[in-house]
Amino acid sequence: MSQSLRRMQYAVRGEVVLKADKLAAEGRKITYTNVGNPHAVGQQPITFYRQVLALCDLPASCGVDHPNASQLFPLDVLERARELRGIVGKGGTGSYTNSQGLAGIRKHVAEYILNRDGHSAYEGDIFLTNGASTGIEFILNGLISHDHDAIMIPIPQYPIYSALITKLGGRKIGYELDEELGWTVTEGELQRRLNEAKAKKLNVKGMALINPGNPTGQVLQRKDLEMICRFCARNGILLMADEVYQRNVYVKDRKFISAKKIAVETPGCENLELVSFHSTSKGLIGECGRRGGYMELHCIDPYVQSQIYKLASSALCSGVDGQLMTSLMVKGPAEGSDSYTLFVEEERAIFQSLQRRAKKMVDGLNRIDGITCNQAEGAMYAFPRVIIPQSAVDAAEASDQTPDTLYALSLLEETGICVVPASGFGQKKGRIGFRTTFLPPEDDLEVAIGEMARHHNFFCQKYS
Ligand SMILES: Cc1ncc(COP(=O)(O)O)c(C=O)c1O
């Protein structure tokens, strides 16, 4: 088999999670906080989305054309379902679509980007993907052809990047996010890492930027985004802007700004090659299982774009369910329509609860002696740092484990809480910690924080 596949690691579903699944199969109650999967831990779907999706799938005679349809569904839901059924065409939701995705839905995405950024977008530059993941995979596939091809990735990072780069046989160049500076990156750090890569004769082709950050939760400010975009433009590096958490910003003094907006507005970025990713898995939707998402190609050479199209064609097309969900994500019910009030209420309730839970989790962790955690400005995770006795570090090394894996396994066994060790996100050696989502319901979260505190004392005593 492929040795690159053997070397590939994906901590979010790694050793600690496998152990959790085993314990769950034996009847143990496990609190899964390892993955950002909102519906799996109780988030309810937004009514408008599900109504439209159901009507897109149902045969017309049982749904949109049923004599009682207008008693069962709001008028705007019926209209939206009819519009989408028209876009899908005669074959219905069971047919393959254009490999790039349905043109009518790509148009909705382009309109969304125009409204968000104030700059035009073109349906021809949009690819509908199975979540953000397949888009990321397409682009990495397009960049990496041998072991001198390198991609800059944040440290810590969401491990799909390290996993896919390893699988494709490329090289990772980590650039460190500075915990003391609220997980931002400096230009000096980027330049240092690029120089090191060049000294090793590596060809740095791309750079991943996750904003808002996973696992670190920071929301980048305009000046940082400008610096990053200029750096990539100056050095001919394609920027992969992973913006799946663009609706998940919880603090008043931060606002999501897209890399595309910066690329268009910033002098020195005229030639920046940029691919931006978005997804229906996160935000206030959380419909991870539908596998909806898109990528927008900006300033990419038409020949290269045609090769990406060829790659997308080899995967036939993204799932129609996800394509429909993507349309709904970018085009909700119109203001004043029948569904509008309920939709806004449902979104607001989800957002406010996420905001409360983000604060509750971080404040709770910071109350534990020996644990510190930066504010989660955005996304769905807390990424605390943990101080543990040296003898625990020695014990981990003696058993060929990272110290944070020892800690996370102990937390799991003692409390049933499943987190991901920080080393799984490439966190630098000596920084021990873990990533936990704050997605469980608020009461469960309170209990989980209490259990984390109890376990931390237990662990430190055991190894002191
Ligand atoms: C930063 C980031 N990018 C991409 C993804 C992939 O999400 P999906 O493929 O479900 O859109 C995730 C999932 O957690 C993520 O956190």
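Both ligands and their constituent atoms are indexed starting at 1 by order of listing.
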[X] and [Y]: side-chain donor and acceptor closer than 3.5 Å?
X	Y	result
Asp117	Ser258	yes
Thr134	Arg291	no
Ser353	Glu442	yes

Nearest protein heavy atom with distance in Å, relative to [atom]:
atom	result
atom 6 (C) of ligand 1	Ser133 OG, 3.3 Å
atom 5 (C) of ligand 1	Tyr158 CE2, 3.5 Å
atom 14 (O) of ligand 1	Lys282 NZ, 2.9 Å
atom 1 (C) of ligand 1	Asp242 OD2, 3.3 Å

Any N/O pair Ala132/ligand 1 closer than 3.5 Å:
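Right, the criterion is met.
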Would you say Asn130 has any N or O atom under 3.5 Å from an N or O of ligand 1, going by distance alone?
no
Answer yes or no: is there an ion pair linking Arg234 with Glu187, defined by an N-O contact shorter than 4.0 Å?
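Looking at Glu187 together with Arg234, the answer is yes, because their closest N to O distance falls below 4.0 Å.
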Of all the heavy atoms in Ile210, does at least one lie under 4.0 Å from an atom in ligand 1?
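Judged by the 4.0 Å heavy-atom criterion, Ile210 does count as contacting ligand 1.
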Heavy-atom contacts with [X] under 4.0 Å: which atoms of ligand 1 show up? List them by number with element.
X	value
Ser279	8 (P), 11 (O)
Arg291	8 (P), 9 (O), 10 (O)
Gly131	8 (P), 9 (O), 11 (O)

Ring of Tyr175, cation from Arg193 - is the NZ or CZ under 6.0 Å from the centre and inside 45° of the axis?
no
Drop me the distance from Arg222's CZ to Thr266's OG1, to the nearest 0.5 angstrom.
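It comes to 5.5 Å.
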So Tyr250 and Phe438, would you call those rings parallel, tilted or perpendicular, with 30° and 60° as cut-offs?
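Perpendicular, since the angle between the ring planes exceeds 60°.
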Side chain, backbone, both or neither: which part of Tyr245 comes within less than 4.0 Å of ligand 1 when only heavy atoms are counted?
side chain
Report yes if some heavy atom in the side chain of Val420 is under 4.5 Å from a heavy atom in the side chain of Val16; otherwise report no.
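Contact flag for Val420/Val16 side chains = no.
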